[in-house]
A.B. asks: 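Would you mind keeping the following structure in view while I ask a few things?
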Amino acid sequence: MAWEFLSSTVLGASSSTIDSGTIDAKNNLYVEVFGIPDGNLDACVLRFNGSTSDYAVRKQNDGGTGSTNTNESGINYMSSNTSTDSHYAAFQIMNIDGDTKLVIDRTIRGANLASNSPNRKVMVGKWANTNQITQIQAVNRDGSGDYAASSYLTCFGSD
């Protein structure tokens, strides 16, 4: 399976959303998000096709006890409530037409990494929609700040 570049959005100015724009529908998606805080980032979510409903996740932070969230407005991939920690998230998404969309995410964040260990979040999730994903957004859902300039979202796809 060869990955095809679909899109990359690099912010030129601060924004609460990083948007892929329209991408080709592929059965498998690989998405990277690098978020730099400009103010407070909290409950950053991935959204598909502009939808704000039908998401559910099971997550674990720093190897602790896992938790679940249902009826979410997006795939909550980073919920650290931080104004200092940049984060990097990598998503694998099953995007088969007619099937629920399944997601695996690994997120790392941290400031002062020379003297501190990074924080990690491992998450699996789903979007209970059968339409293929043709747009992806990273959204700072609950924070009072934005993603800073140079934050990015990159998409690859494969059939």
Side-chain angles (χ1 to χ4, degrees), residues 1-39 41-61 69 72-80 82 85-111 113 118-143 145-159:
M1 161 170 64
W3 290 103
E4 175 185 340
F5 174 79
L6 300 178
S7 77
S8 185
T9 302
V10 179
L11 294 180
S14 293
S15 176
S16 63
T17 301
I18 311 171
D19 193 325
S20 70
T22 301
I23 59 173
D24 292 338
K26 298 291 184 179
N27 291 335
N28 302 286
L29 298 171
Y30 179 78
V31 178
E32 296 177 331
V33 175
F34 178 63
I36 305 165
D38 181 10
L41 291 177
D42 188 22
C44 294
V45 298
L46 214 61
R47 290 185 177 151
F48 307 129
N49 298 352
S51 175
T52 59
S53 62
D54 298 325
Y55 300 92
V57 298
R58 181 176 303 273
K59 61 190 176 194
Q60 182 185 53
N61 293 303
N69 296 86
E72 289 286 302
S73 66
I75 299 289
N76 185 337
Y77 74 88
M78 207 280 301
S79 52
S80 65
T82 182
D85 293 351
S86 294
H87 64 268
Y88 172 80
F91 304 87
Q92 293 171 272
I93 304 167
M94 184 194 80
N95 189 32
I96 307 295
D97 192 28
D99 284 343
T100 295
K101 307 308 172 241
L102 301 177
V103 181
I104 299 171
D105 166 54
R106 294 163 308 282
T107 300
I108 184 171
R109 70 170 179 83
L113 293 180
N119 297 99
R120 67 183 163 99
K121 181 175 189 173
V122 178
M123 185 270 310
V124 294
K126 71 175 185 176
W127 180 43
N129 191 301
T130 59
N131 296 322
Q132 278 195 296
I133 297 165
T134 57
Q135 178 198 30
I136 299 172
Q137 296 174 312
V139 178
N140 182 24
R141 187 185 71 194
D142 294 347
D146 290 319
Y147 294 100
S150 298
S151 297
Y152 66 82
L153 183 147
T154 301
C155 302
F156 299 89
S158 178
D159 288 327

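In what follows, residues are counted from 1 in the order of the sequence shown.
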A.B. asks: Taking C-beta and beyond as the side chain, do Arg109 and Pro118 meet within less than 4.5 Å on heavy atoms?
C.D. replies: no
A.B. asks: Just verifying a value: how many Å separate Asn119 CG and Thr107 OG1, rounded to the nearest 0.5 Å?
C.D. replies: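 Separation between the atoms: 11.0 Å.
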A.B. asks: Find the distance between CG (Asn49) and OG1 (Thr134) and round it off to the nearest 0.5 Å.
C.D. replies: 4.0 Å
A.B. asks: Side chains of Met78 and Lys121, heavy atoms from C-beta outward: is any pair under 4.5 Å?
C.D. replies: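 A side-chain contact under 4.5 Å is absent here.
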A.B. asks: Test side chain to side chain contact (heavy atoms under 4.5 Å, CB included) on Cys44 and Arg141 and set out the steps.
C.D. replies: CA-CA 6 Å; Cys44 294; Arg141 187 185 71 194; over 6 Å; no
A.B. asks: Could you note down all residue pairs passing side chain to side chain donor-acceptor pair (under 3.5 Å) where residues 87-98 supplies at least one of them, sequence neighbours left out?
C.D. replies: Glu32-Tyr88, Tyr77-His87, Gln92-Arg106
A.B. asks: Hey, mind stepping through Val57 and Asp105 against side chain to side chain contact (heavy atoms under 4.5 Å, CB included) and telling me if it holds?
C.D. replies: CA-CA 10 Å; Val57 298; Asp105 166 54; over 6 Å; no
A.B. asks: Any donor-acceptor pair under 3.5 Å linking the side chain of Tyr55 with the backbone of Phe48?
C.D. replies: yes
A.B. asks: Rounded to the nearest 0.5 Å, what's the gap from CE on Met123 to CG on Asn69? Could you check?
C.D. replies: 10.5 Å
A.B. asks: Quick one: NZ on Lys101 to CD1 on Ile133, what's the gap to the nearest 0.5 Å?
C.D. replies: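 Here the interatomic distance stands at 6.5 Å.
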A.B. asks: Examine distances only and state if a side-chain atom of Asn129 and a backbone atom of Asn131 form a donor-acceptor pair shorter than 3.5 Å.
C.D. replies: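 Side chain of Asn129 to backbone of Asn131: a pair is present.
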A.B. asks: I want to check something: taking the side chain as every heavy atom from C-beta on, are Ile93 and Leu102 in contact at a cut-off of under 4.5 Å?
C.D. replies: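 Ile93 does not reach Leu102 side chain to side chain.
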A.B. asks: Which residue pairs pass the side chain to side chain donor-acceptor pair (under 3.5 Å) test when at least one of the two sits in residues 11-23, sequence neighbours left out?
C.D. replies: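 Residue pairs with at least one partner in residues 11-23: Ser14-Asp38, Asp19-Gln135, Asp19-Gln137.
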A.B. asks: Which residues satisfy the side-chain contact (heavy atoms from CB on, under 4.5 Å) test with Val124, sequence neighbours excluded?
C.D. replies: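 For Val124 the side-chain contact (heavy atoms from CB on, under 4.5 Å) partners, ignoring immediate neighbours, are Arg58, Ile104.
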A.B. asks: Apply side-chain contact (heavy atoms from CB on, under 4.5 Å) to Ser8 and list each qualifying residue two or more places apart in sequence or on a separate chain.
C.D. replies: Phe5, Val10, Thr154
A.B. asks: Roughly how far, to the nearest 0.5 Å, is CD1 of Ile36 from CG of Leu11?
C.D. replies: 8.5 Å
A.B. asks: Find the distance between CD1 (Ile18) and OH (Tyr147) and round it off to the nearest 0.5 Å.
C.D. replies: 5.5 Å
A.B. asks: Strictly by ring-ring contact (aromatic ring centres under 6.0 Å, His included), give each pair with a member in residues 15-36 just once, sequence neighbours left out.
C.D. replies: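 Every ring-ring contact (aromatic ring centres under 6.0 Å, His included) pair that includes a residue of residues 15-36, provided the two are not neighbours, is Phe34-Tyr152.
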A.B. asks: For a 4.5 angstrom cut-off between non-hydrogen side-chain atoms, does Ser86 reach Pro37?
C.D. replies: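 They are in contact (side-chain heavy atoms under 4.5 Å apart), so the answer is yes.
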A.B. asks: Treating Trp127 as the side-chain partner and Ser51 as the backbone partner, does any N or O pair qualify as donor plus acceptor under 3.5 Å?
C.D. replies: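 Pair absent, no side-chain N/O of Trp127 close to backbone of Ser51.
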A.B. asks: Find out whether Val45 and Ile75 are in side-chain contact, i.e. whether some heavy atom of one side chain is under 4.5 Å from a heavy atom of the other.
C.D. replies: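 Side-chain contact under 4.5 Å: no.
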A.B. asks: Taking only residues two or more places apart in sequence, or in another chain, which ones meet Asp159 in a salt bridge (Lys or Arg N to Asp or Glu O under 4.0 Å)?
C.D. replies: Lys26
A.B. asks: Look at Glu72 together with Arg47 and state whether they make a salt bridge at an N to O cut-off of under 4.0 Å.
C.D. replies: no
A.B. asks: Do the non-hydrogen side-chain atoms of Leu46 and Phe91 ever get within less than 4.5 Å of each other?
C.D. replies: yes
A.B. asks: For the residue pair Cys155 and Val31, what are the closest heavy atoms and their distance?
C.D. replies: SG-CG2, 4.2 Å
A.B. asks: Does any non-hydrogen side-chain atom of Met94 lie less than 4.5 Å from one of Val103?
C.D. replies: no
